[in-house]
S.K.: 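Before we start, here is the structure in question, set down as structure tokens.
If you're wondering where the values come from, they're calculated on a predicted model, not measured in any experiment.
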Amino acid sequence: MKEKNPVVVPDDGLEKWKGYTLADLRYQRAINHVRMEMERERLANSMTRLNDMKSKFTLPGNGLLQKVFAGFSIFDYALLAITTGKQIRKVYRFFKK
């Protein structure tokens, strides 16, 4: 991205910006494309590792419980825990009175 013409520096010491050339724009576009591809690969690898970890923690057998828990994500487990906790809290408060 070096310019073929020398940059003329005015008396105040600031360079006049001439803008980007088409080659500069193409180079920046190629760099951004490579960055996006690397990020896609990183995300794909992390999803593969997550699925591998999830398969390690499955329950043995082909029972109904395994089929139910296989369909849940981590977010579903969190919501289930919160709602169960709320119900237990209500029952505890009822009997505490």
Side-chain angles (χ1 to χ4, degrees):
M1 288 200 289
K2 294 184 179 181
E3 295 180 290
K4 295 178 184 176
N5 301 332
V7 176
V8 178
V9 180
D11 293 335
D12 59 358
L14 301 174
E15 295 181 6
K16 290 188 178 181
W17 184 64
K18 304 272 184 174
Y20 293 114
T21 63
L22 285 178
D24 293 338
L25 293 174
R26 287 183 184 128
Y27 182 74
Q28 289 298 323
R29 186 175 177 193
I31 287 175
N32 286 334
H33 182 70
V34 169
R35 286 181 184 157
M36 286 173 28
E37 287 297 321
M38 289 173 58
E39 190 64 23
R40 282 188 191 122
E41 286 293 322
R42 188 186 67 78
L43 286 173
N45 287 338
S46 65
M47 289 302 295
T48 303
R49 282 185 279 154
L50 181 65
N51 287 336
D52 290 343
M53 286 182 8
K54 190 175 180 182
S55 66
K56 288 180 184 178
F57 295 112
T58 58
L59 297 173
N62 291 329
L64 178 64
L65 191 61
Q66 180 183 5
K67 290 179 183 177
V68 168
F69 285 127
F72 287 167
S73 68
I74 295 173
F75 182 70
D76 294 329
Y77 287 124
L79 287 178
L80 185 63
I82 290 171
T83 54
T84 304
K86 285 181 181 180
Q87 292 298 325
I88 291 172
R89 187 175 175 193
K90 285 180 184 178
V91 170
Y92 178 76
R93 283 187 177 178
F94 178 75
F95 285 113
K96 188 176 178 183
K97 291 182 180 184

S.K.: Please examine the side chains of Q87 and K90, heavy atoms only from C-beta on, and report whether any two atoms are closer than 4.5 Å.
M.R.: yes
S.K.: Roughly how far, to the nearest 0.5 Å, is the CG atom of L79 from the OG1 atom of T84?
M.R.: 10.5 Å
S.K.: Got a second to check how far K96's NZ is from R89's CZ, nearest 0.5 Å?
M.R.: 10.5 Å
S.K.: Closer than 3.5 angstrom, by distance alone: can the side chain of S46 be matched with the main-chain N or O of L43 as a donor-acceptor pair?
M.R.: yes
S.K.: Output, in order, the C-alpha distance, side-chain angles, deciding distance and verdict of side-chain hydrogen bond (donor to acceptor under 3.5 Å, both in side chains) for N45 and T48.
M.R.: CA-CA 5 Å; N45 287 338; T48 303; 5.2 Å; no
S.K.: Give, for atom CD1 of I82 and atom OH of Y77, the distance between the pair rounded to the nearest 0.5 Å.
M.R.: 15.0 Å
S.K.: Report whether I88 and V91 are members of the same hydrophobic cluster (ILVMFWY, side-chain heavy atoms less than 4.5 Å apart, transitive linking).
M.R.: no
S.K.: Rounded to the nearest 0.5 Å, how far does CD of E41 lie from CD of E39?
M.R.: 10.5 Å
